[in-house]
K.L.:
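Sharing a structure, written as structure tokens. Questions coming.
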Amino acid sequence: MRSKVTSARRWVVKIGSALLTADGKGLDRAAMGVWVEQMVALHQAGVELVLVSSGAVAAGMSRLGWSTRPSAMHELQAAAAIGQMGLVQAWESSFGQHGRHTAQILLTHDDLSDRKRYLNARSTLRTLVGLGVVPVINENDTVVTDEIRFGDNDTLAALVANLVEADLLVILTDRDGMFDADPRKHPDAHLISEARADDPSLDAVAGGTGGALGRGGMQTKLRAARLAARSGAHTLIVGGRIERVLDRLKAGERIGTLLSPERGMVAARKQWLAGHLQTRGSLTLDAGAVQALLEGHKSLLPVGVKAVQGGFRRGEMVVCLAPDGREVARGLSNYSAVEAQKIIGLPSDAIDRALGYMAEPELVHRDNLVLV
Ligand code: GLU
């Protein structure tokens with residue numbers, strides 16, 4: 001099963017606060033440098049990378065000289081705002097030493113459930129990855145507190161894996177992986193090397209290792225693996241302090257815990273798209289566009305659409321109809337119904353002139369399209 005790791009083309013790597021700040025002693029730049037070297041090597045090997053980095057609260061606390069984590073949410077948020085500056089500076093300078101650019105992205109869970117923001121975030125991330133830049137993502141702790149409260153970015157990392165259709169989510173943590181019992185209490189506990197993410201027996205194992213709120217414990221990591229599995233991603237929970245951890249994973253070494261999805265990428269993605277959305281309108285295609293979708297597995301371009309029905313907004317689900325009214329596909333529209341009206345029948349290079357801007361050249365991108 002480790003072939004899934006060695007062959008994965010798009011990785012989301014999530015690094016937790018305890019690792020990044022050497023257990024609360026300010027940012028561990030040396031450790032960051034070693035991960036960066038390995039990420040650059042992955043990049044050179046053709047892997048597309050997105051980094052989800054925690055550590056803002058912890059770095060802010062150390063900048064402020066606070067030794068104990070405050071309980072007031074507004075103080076945690078203030079610490080995150082201060083620490084985020086140092087965090088992105090550290091990543092930027094470390095990647096910069098290897099001639100790589102980074103980009104800061106602050107996201108919330110809501111951003112990823114709102115269809116319009118989802119598409120916006122997706123386009124930006126795809127563009128950055130296409131430019132060879134490493135996006136560095138954290139939760140936007142000023143406006144939301146989901147991860148400060150519960151997860152230390154585990155859930156956010158899984159949502160990002162869904163968003164960018166990653167093949168692999170690597171959660172670097174301060175444990176070696178998931179064990180079949182708490183290794184602090186049971187010295188004979190065994191590392192679970194491989195399991196299915198939906199295996200119900202994992203709940204009991206993960207339950208024992210989280211804190212009172214489960215903040216960043218194994219429970220949130222298991223939950224993250226299950227979320228990532230929804231878009232067909234594998235998840236590796238592995239010790240970030242294991243020497244050359246990312247290099248060794250890429251080489252196929254059996255370290256950490258690999259949790260696999262129950263379905264393959266395409267099936268999972270279709271189910272995820274289909275299960276999430278109500279349709280808000282429809283597009284009637286010409287015969288050429290129907291053929292391009294069904295046989296060529298192409299995106300739907302405005303030029304192939306003859307009519308627009310309904311009042312959908314950007315990011316909402318629309319039905320694609322053949323000229324005889326038969327449903328052929330469903331997908332997320334890159335343009336609202338009003339905008340679509342103005343651009344149907346036009347070649348994509350005329351979108352800018354018709355609307356005054358261009359979101360994407362496709363009306364529905366093939367990655368956001370499910371054939372029926
Ligand atoms: N987004 C937060 C951070 O980067 C989560 C971690 C925490 O709550 O300590 O610091």
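Note that ligands are numbered from 1 as they come in the structure, with each ligand's atoms numbered from 1 the same way.
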K.L.:
Mark yes when over 12 heavy atoms from residues, nucleotides or ligands other than E243 sit less than 6.0 Å from its CD; otherwise mark no.
P.N.:
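Not more than 12 within 6.0 Å, no.
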K.L.:
Heavy atoms only, cut-off 4.0 Å: how does N153 contact ligand 1, side chain, backbone, both, or neither?
P.N.:
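Just the side chain.
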K.L.:
Would you say CE of M85 has more than 12 non-hydrogen atoms from neighbouring residues, nucleotides or ligands within 6.0 angstrom?
P.N.:
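No - once you tally the heavy atoms of other residues, nucleotides and ligands closer than 6.0 Å, there are 12 at most.
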K.L.:
Measure D141 to ligand 1 on non-hydrogen atoms and call it side chain, backbone, both or neither using the 4.0 Å cut-off.
P.N.:
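The side chain, only.
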K.L.:
Got more than 12 heavy atoms from elsewhere within 6.0 Å of CZ, R223?
P.N.:
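No, not enclosed.
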K.L.:
Number the atoms of ligand 1 from 1 as they appear, then name those within less than 4.0 Å of a heavy atom of A56, with their elements.
P.N.:
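The list of qualifying atoms is 3 (C), 4 (O), 10 (O).
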K.L.:
Side chain, backbone, both or neither: which part of V57 comes within less than 4.0 Å of ligand 1 when only heavy atoms are counted?
P.N.:
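The part of V57 near ligand 1 is both the backbone and the side chain.
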K.L.:
Once you restrict to heavy atoms under 4.0 Å, what part of Q77 touches ligand 1? Side chain, backbone, both or neither.
P.N.:
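For Q77, no heavy atom sits under 4.0 Å from ligand 1.
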K.L.:
Of the backbone atoms (N, CA, C, O) and the side-chain heavy atoms from C-beta on, which set of S17 has a member under 4.0 Å from an atom of ligand 1: side chain, backbone, both, or neither?
P.N.:
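Answer for S17: side chain.
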K.L.:
Check residues 297-310 and write down every donor-acceptor pair under 3.5 Å in which the side-chain atom is one partner and the other belongs to a residue at least two apart or another chain.
P.N.:
unit_1 : atom_1 : unit_2 : atom_2 : d
S299   : OG     : R366   : N      : 2.9
Q309   : OE1    : S282   : OG     : 2.6
Q309   : NE2    : T284   : OG1    : 3.2

K.L.:
Before giving the answer on salt bridge (Lys or Arg N to Asp or Glu O under 4.0 Å), spell out for K342 and E339 the whole-Å C-alpha distance, their side-chain angles and the decisive distance to 0.1 Å.
P.N.:
CA-CA 5 Å; K342 295 182 186 155; E339 292 167 329; over 6 Å; no
K.L.:
N138 versus ligand 1: do any nitrogen or oxygen atoms come within less than 3.5 Å of each other?
P.N.:
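It does: an N or O of N138 is found under 3.5 Å from an N or O of ligand 1.
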K.L.:
Just grab all the salt bridge (charged side-chain N to carboxylate O under 4.0 Å, His left out) pairs involving residues 27-41, residues at least two apart or on different chains.
P.N.:
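Of all non-adjacent pairs touching residues 27-41, those that pass salt bridge (charged side-chain N to carboxylate O under 4.0 Å, His left out) are E37-R244.
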K.L.:
Please could you name the atoms of ligand 1 that S54 approaches to less than 4.0 Å, counting only its heavy atoms?
P.N.:
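So the answer, numbered in order with elements, is 4 (O).
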